[in-house]
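Working notes for the structure below.
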Amino acid sequence: MKRKSWSLLLATCLSVSLIGTACSNSSSTASTAGGAASPASSDKKVKLVVWIWESAKVGLDANIEAFKKENPNIEVEYQIMKSTDLYQKYLISSNTQDAVPDIVGLESTNMAQMVQIDSLLDITKRVEPYKDKMNAYKWEDATKDNKVYAMPWDSGPVVMFYRNDIFAKAGLPTDPKEVAQKIQTWDDYYQVAKQIKEKTGVLMFGDSKTNSSNRVFESMMWQRGVWYFDKDGNVSVEKPEVKEIADYLVKMQKEGLVYDARANTDPWGNAIKEGKVATVVGGSWHDAIIEGQYAPDDKGKWSVTTMPKWSKDDKYTGANQGGSNLAINKNSKHPEESWKFIEFMLGKETSQINMMKKAGLFPSLTTTYSDAAFNEPSAYFNNQPIRQVYAESLKQTYPLAYSSDFPMANKRMTDVWAQIFLNNVSTDQALKAMADELRQKTKRK
């Protein structure tokens with residue numbers, strides 16, 4: 001795909017602020033391809049500036065004292081901001097070739113877009129020892145022309161969190177393995193949703209009709225190996241599989257089985273707190289949201305199992321939702337020290353496990369999965385070793401990439417639901433209009 005002009009990139013960035021993007025023009029590199037310009041003196045005092053959002057900083061804080069002990073010459077300054085603000089700010093600093101920040105945190109949803117516009121340092125040689133140790137799909141969005149520009153941090157394996165007490169009231173099994181057997185497919189999920197509503201009055205999950213974040217929709221696509229764009233980069237929202245998923249979710253909404261609230265907003269969280277939804281199909285990081293933010297008093301009432309599949313014969317049972325990465329500003333004056341920080345935080349098993357325990361960040365580093373920490377029971381989640389479920393989900397996840405135009409596609413999909421529910425437009429018409437617009441704006445086929 002041809003590179004967009006700076007003006008188009010800027011317009012794109014500003015139009016997708018709900019998700020956040022990052023853009024820049026070309027600038028001189030700080031080192032040779034994949035390596036450092038020159039070795040840094042081990043006793044030279046250096047200050048690294050890291051741009052990050054608050055929840056991610058909690059993870060880094062878990063290891064910062066150990067890092068300082070091993071690297072006494074490196075001072076680390078965090079500059080905390082919302083991820084959406086971070087991308088907009090980095091757009092400006094990279095365009096003016098600023099040396100600050102040295103390190104930038106990037107959510108996977110925006111990773112490819114940042115890579116495509118050449119604002120990051122090539123770290124191909126540095127990450128080589130880790131290429132076979134990370135979840136394979138994490139490298140896709142960090143790579144351009146066979147060069148790697150970011151180190152994977154955490155992944156978001158999609159599972160089904162469910163209220164075991166509500167399942168019991170509805171006459172359903174509550175044991176995670178039995179629930180997985182009962183809800184093998186999305187049709188099973190639909191049938192159970194009807195039973196729960198009939199027996200308890202509780203709805204199956206929360207999502208907005210007209211302002212959806214598309215989390216469930218995208219997880220269902222990912223699981224089936226389809227996306228807004230195909231492997232050749234062409235627009236693919238008109239594929240039969242995509243329409244099937246859209247029709248399914250429209251049916252769930254029209255039959256009153258869904259609580260009308262955008263995922264990960266306070267109205268959605270309050271529905272969880274008040275016991276108005278029976279399940280959350282989402283990334284592993286929802287455990288901290290459910291336990292720590294919205295329903296801390298519901299200890300023992302939640303359990304975790306695998307997400308449903310479209311068909312029992314489908315190869316993949318998992319999906320990914322979100323996750324993050326760390327990258328080096330190509331204009332940084334301290335690329336070597338920046339890599340030391342990134343490698344310490346993300347390449348060390350002990351660091352990753354520590355962040356998982358203290359910040360709920362599930363590692364992309366697969367060599368951690370045999371650690372005893374993954375067998376630890378969660379008191380909140382009915383003494384279930386929930387990390388085992390996450391790890392198993394990742395093993396069965398299709399290796400799909402978000403792609404550089406994901407923010408635009410995600411926003412346009414939200415408009416599709418609004419067209420369907422507000423203007424009674426058919427899914428066929430709404431998806432075709434979306435496909436035409438994406439082709440026109442992205443110059444994809």
Output yes when [X] and [Y] qualify as a salt bridge under the 4.0 Å nitrogen-oxygen rule, no when they do not.
X: E437; Y: R412; result: yes
X: E376; Y: K357; result: yes
X: K330; Y: D122; result: no

Does [X], at its [atom1] atom, have more than 12 non-hydrogen atoms belonging to other residues, nucleotides or ligands within less than 6.0 Å?
X: K432; atom1: NZ; value: no
X: K445; atom1: NZ; value: no
X: K57; atom1: NZ; value: yes
X: Q293; atom1: CD; value: yes

Can you name the side chain to side chain donor-acceptor pair (under 3.5 Å) partners of [X], sequence neighbours left out?
X: T210; result: none
X: Q184; result: none
X: T366; result: none
X: K243; result: D247

Q. Between W268 and Y294, what is the ring plane arrangement, given parallel below 30°, perpendicular above 60°, and tilted in between?
A. perpendicular
Can you find a heavy atom in the side chain of [X] that is under 4.5 Å from one in the side chain of [Y]?
X: I103; Y: P101; result: no
X: V50; Y: D102; result: no
X: F205; Y: V216; result: yes
X: L120; Y: M114; result: yes
X: Y259; Y: V202; result: no
X: Q88; Y: I92; result: no
X: F406; Y: M111; result: no
X: E107; Y: W53; result: yes

So, using salt bridge (Lys or Arg N to Asp or Glu O under 4.0 Å) as the criterion, who are the partners of [X] when residues are at least two apart?
X: K47; value: E77
X: E255; value: none
X: D415; value: none
X: K358; value: none

Q. Hey, mind stepping through D98 and T96 against side-chain hydrogen bond (donor to acceptor under 3.5 Å, both in side chains) and telling me if it holds?
A. CA-CA 6 Å; D98 289 352; T96 54; 3.1 Å; yes
With sequence neighbours excluded, give me every ring pair (Phe, Tyr, Trp, His ring centres under 6.0 Å) pair touching [range].
range: residues 104-148; answer: Y137-W222
range: residues 309-342; answer: F67-F341, Y248-W310, Y316-Y398
range: residues 416-439; answer: F217-W417

Q: Kindly determine whether T367 and E349 satisfy side-chain hydrogen bond (donor to acceptor under 3.5 Å, both in side chains), including the steps that lead there.
A: CA-CA 7 Å; T367 54; E349 294 175 1; 2.9 Å; yes
Q. In chain order, what residues pass the ring pair (Phe, Tyr, Trp, His ring centres under 6.0 Å) check against Y162, with sequence neighbours excluded?
A. F167
Q. Is it the case that N375 and Q388 place a side-chain donor and acceptor less than 3.5 Å from each other?
A. yes
Q. Can you find a side-chain donor-acceptor pair between T279 and Y189 that sits under 3.5 Å?
A. yes
Looking only at non-hydrogen atoms, find the nearest pair between [X] and [Y] and report the distance.
X: S351; Y: F344; answer: OG-O, 2.8 Å
X: I272; Y: V277; answer: CG1-CG2, 3.7 Å
X: L400; Y: G225; answer: CD1-C, 4.2 Å
X: S393; Y: P157; answer: OG-CB, 3.8 Å

Q: Please assess N234 against R439 for the test side-chain hydrogen bond (donor to acceptor under 3.5 Å, both in side chains), listing each intermediate value before the final yes or no.
A: CA-CA 8 Å; N234 299 323; R439 292 186 182 104; over 6 Å; no
Q) Name the one of F374, W153, W285 that satisfies ring pair (Phe, Tyr, Trp, His ring centres under 6.0 Å) with F362? A) F374
Could you tell me the separation between the [atom1] atom of [X] and the [atom2] atom of [Y], rounded to the nearest 0.5 Å?
X: K194; Y: L257; atom1: NZ; atom2: CG; value: 8.0 Å
X: T185; Y: K312; atom1: OG1; atom2: NZ; value: 7.0 Å
X: S378; Y: D287; atom1: OG; atom2: CG; value: 7.5 Å
X: I245; Y: M221; atom1: CD1; atom2: CE; value: 6.5 Å

Q | Step-by-step salt bridge (Lys or Arg N to Asp or Glu O under 4.0 Å) determination, E140 to K231 | A | CA-CA 11 Å; E140 296 292 324; K231 63 181 180 180; over 6 Å; no
Q: Please say whether the positively charged group of K309, taken as NZ for Lys or CZ for Arg, lies over the ring of W186, i.e. under 6.0 angstrom from the six-membered ring centre and within 45 degrees of the axis.
A: no
Q: Using the side chain to side chain contact (heavy atoms under 4.5 Å, CB included) rule, pick out the option among R262, Q253, K254 that qualifies with K209.
A: Q253
Q.
Go through it in stages, so that I can follow the logic: the residues are W227 and Y402, the test is ring pair (Phe, Tyr, Trp, His ring centres under 6.0 Å), and I'd like the CA-CA distance, side-chain angles, deciding distance and then a yes or no.
A. CA-CA 8 Å; W227 200 237; Y402 274 100; 5.7 Å; yes
